[in-house]
There are 2 protein chains.
Amino acid sequence: MLNQLAKRRQSRQRDTVLKVLRGTKSHPTADWIYEQVKREIPNVSLGTVYRNLRLLKEAGEILELDFGAAQSRFDGNPKPHYHLVCVSCGSVLDVDMPVKRSLDEEASESSGLKVLGHRLEFYGVCSRCAEPTPPSQNSSKMGSI
Amino acid sequence: MLNQLAKRRQSRQRDTVLKVLRGTKSHPTADWIYEQVKREIPNVSLGTVYRNLRLLKEAGEILELDFGAAQSRFDGNPKPHYHLVCVSCGSVLDVDMPVKRSLDEEASESSGLKVLGHRLEFYGVCSRCAEPTPPSQNSSKMGSI
DNA sequence: ATAAATGCAAAACTTTTGCACCCGA
DNA sequence: TCGGGTGCAAAAGTTTTGCATTTAT
């Protein structure tokens with residue numbers, strides 16, 4: 001539990017995981033990331049992807065997002081920001097609105113507890129699903145949307 | 001995908017699951033609920049508990065909460081409200097502050113999309129963990145906290 | 001009588017981990 | 001060289017599901 005910042009040496013696998021995540025505006029699952037990394041490193045293992053996602057998260061380089069779905073999604077942008085989840089197709093979008101620290105203060109007053117931060121997710125309908133003829137509910141495996 | 005409201009007949013198992021959930025202010029895991037239901041119906045199966053949790057959720061009687069943890073937690077109060085997750089011990093508390101629909105409007109303006117609602121969770125330190133000598137990080141299995 | 005609900009166990013799925021080998025500093 | 005990183009496969013843990021049986025209506 002002590003040194004969370006053990007000395008890490010560089011690895012092609014971890015660099016590639018981070019590059020993939022930084023290179024997409026989507027919020028992909030571990031499995032989708034794995035598929036992308038495999039394009040560059042064909043014999044990479046899924047375990048390695050999971051290990052590096054955990055390390056990158058601990059290092060504060062990426063965020064892990066947990067919505068209702070079975071799998072986690074990851075976000076290459078570690079700055080606090082809000083998300084919108086499409087209730088129709090499950091895609092996840094960034095919402096470009098300022099983070100409201102005042103919510104923390106209000107929650108602190110309501111509960112009498114120390115509040116460190118919050119997570120806010122919106123539920124709505126993405127532009128693709130709002131079209132006249134909406135696409136099929138689940139496009140393929142939806143891993144990257 | 002059609003009739004989400006198929007005709008359900010009553011069952012002792014489902015009634016008991018709901019009673020257990022309504023009877024606690026905690027936000028328990030499926031496993032903890034299973035243990036409680038077993039006190040009344042010793043040979044109930046875990047699969048039945050999961051099935052009924054899903055049915056009750058679909059019927060809008062309960063909420064499923066998904067925080068980062070491996071297991072889902074359930075909430076017998078289906079009215080929208082906010083939660084606070086203790087970063088020290090993982091317990092989940094209700095936060096008694098009004099739901100802000102104005103956030104949805106703001107998100108809708110920022111994104112240009114139709115926003116139906118939101119989920120807001122606070123992260124902080126519960127009163128037990130804020131004490132001078134905090135309790136051990138993980139008390140037993142933490143299922144009900 | 002009819003079909004929903006159950007118990008049981010196997011299966012499905014995501015994520016973690018043990019271990020021998022590899023490789024970056 | 002030294003210990004962190006990897007690949008592989010097995011394991012762990014939660015949730016779902018197939019099926020024969022039970023049970024509510």
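The chains referred to below are lettered A, B, ... by the order of the sequence lines, with proteins before strands, and numbering in each begins at 1.
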Shortest side-chain distance from [X], nucleotide among [options]:
X     : options               : value
B/Q71 : C/dT15, D/dT15, D/dG5 : D/dT15
B/V44 : D/dG7, C/dT15, C/dG7  : C/dG7
A/Y50 : D/dG7, C/dT15, D/dT14 : C/dT15

Whichever of B/N52 and A/R51 has the more 5' nearest nucleotide on DNA chain C, that residue is B/N52
Walking DNA chain C from its 5' end, the first of A/R54 and B/G47 to be reached, judged by nearest nucleotide, is B/G47
* N/O (side chain, B/S45) to phosphate O (OP1/OP2, C/dT6) under 4.0 Å -> no
Query raised in the report: Would you say a side-chain N or O of A/T48 is under 4.0 Å from OP1 or OP2 of D/dG5?
Result: no
Report the distance from atom [atom1] of [X] to atom [atom2] of [N], rounded to the nearest whole Å.
X     : N      : atom1 : atom2 : answer
A/Y34 : C/dT14 : OH    : P     : 13 Å
A/K38 : D/dC8  : NZ    : C1'   : 13 Å
B/D66 : C/dT14 : CG    : C1'   : 13 Å
A/E58 : C/dT16 : CD    : P     : 10 Å
A/L55 : D/dG4  : CG    : P     : 12 Å
A/K7  : D/dG5  : NZ    : P     : 11 Å
B/L56 : C/dA5  : CG    : P     : 11 Å

Residues 33-49 of chain B vs salt bridge (charged side-chain N to carboxylate O under 4.0 Å, His left out), sequence neighbours excluded, gives B/K19-B/E40, B/E35-B/K38
So the salt bridge (charged side-chain N to carboxylate O under 4.0 Å, His left out) pairs with at least one residue in residues 77-96 of chain A (sequence neighbours excluded) are none
**Prompt:** Salt bridge or not for A/R73 and A/E64, using N-O below 4.0 Å?
**Reply:** no
Between A/D15 and A/R12, does any NZ, NE, NH1 or NH2 come within less than 4.0 Å of an OD or OE carboxylate oxygen? no
Whether the side chain of [X] engages the backbone of [Y] through a donor-acceptor N/O pair (distance < 3.5 Å, no angle test) should be reported.
X      : Y      : answer
B/T48  : B/V44  : no
A/S108 : A/L113 : yes
B/H27  : B/V92  : yes

Residues passing the side chain to side chain contact (heavy atoms under 4.5 Å, CB included) test with A/L55, sequence neighbours excluded, are A/R8, A/R14, A/N52, A/E58
Per the under-4.0 Å heavy-atom filter, residues of residues 13-20 of chain A near DNA chain D come out as A/Q13, A/R14
request  = Count the heavy atoms belonging to other residues, nucleotides or ligands that lie under 6.0 Å from NZ of B/K100, then report whether that count exceeds 12.
outcome  = yes
**Message:** Tell me whether B/R22 at atom CZ has more than 12 heavy atoms from other residues, nucleotides or ligands lying less than 6.0 Å away.
**Reply:** yes
Heavy-atom contacts, protein to nucleotides 20-25 of chain C, under 4.0 Å, summarised as B (base), S (sugar-phosphate only) or - (none) per nt, yield ---BBS
Centroid separation A/Y123 to A/H83 less than 6.0 Å: no
TODO: Just say parallel, tilted or perpendicular for the rings of B/Y82 and B/F122, cut-offs at 30° and 60°.
DONE: perpendicular
The bend of the helix from C/dA1-D/dT25 to C/dA25-D/dT1, taken between the axes of its five terminal pairs at each end and rounded to 10°, is 40°
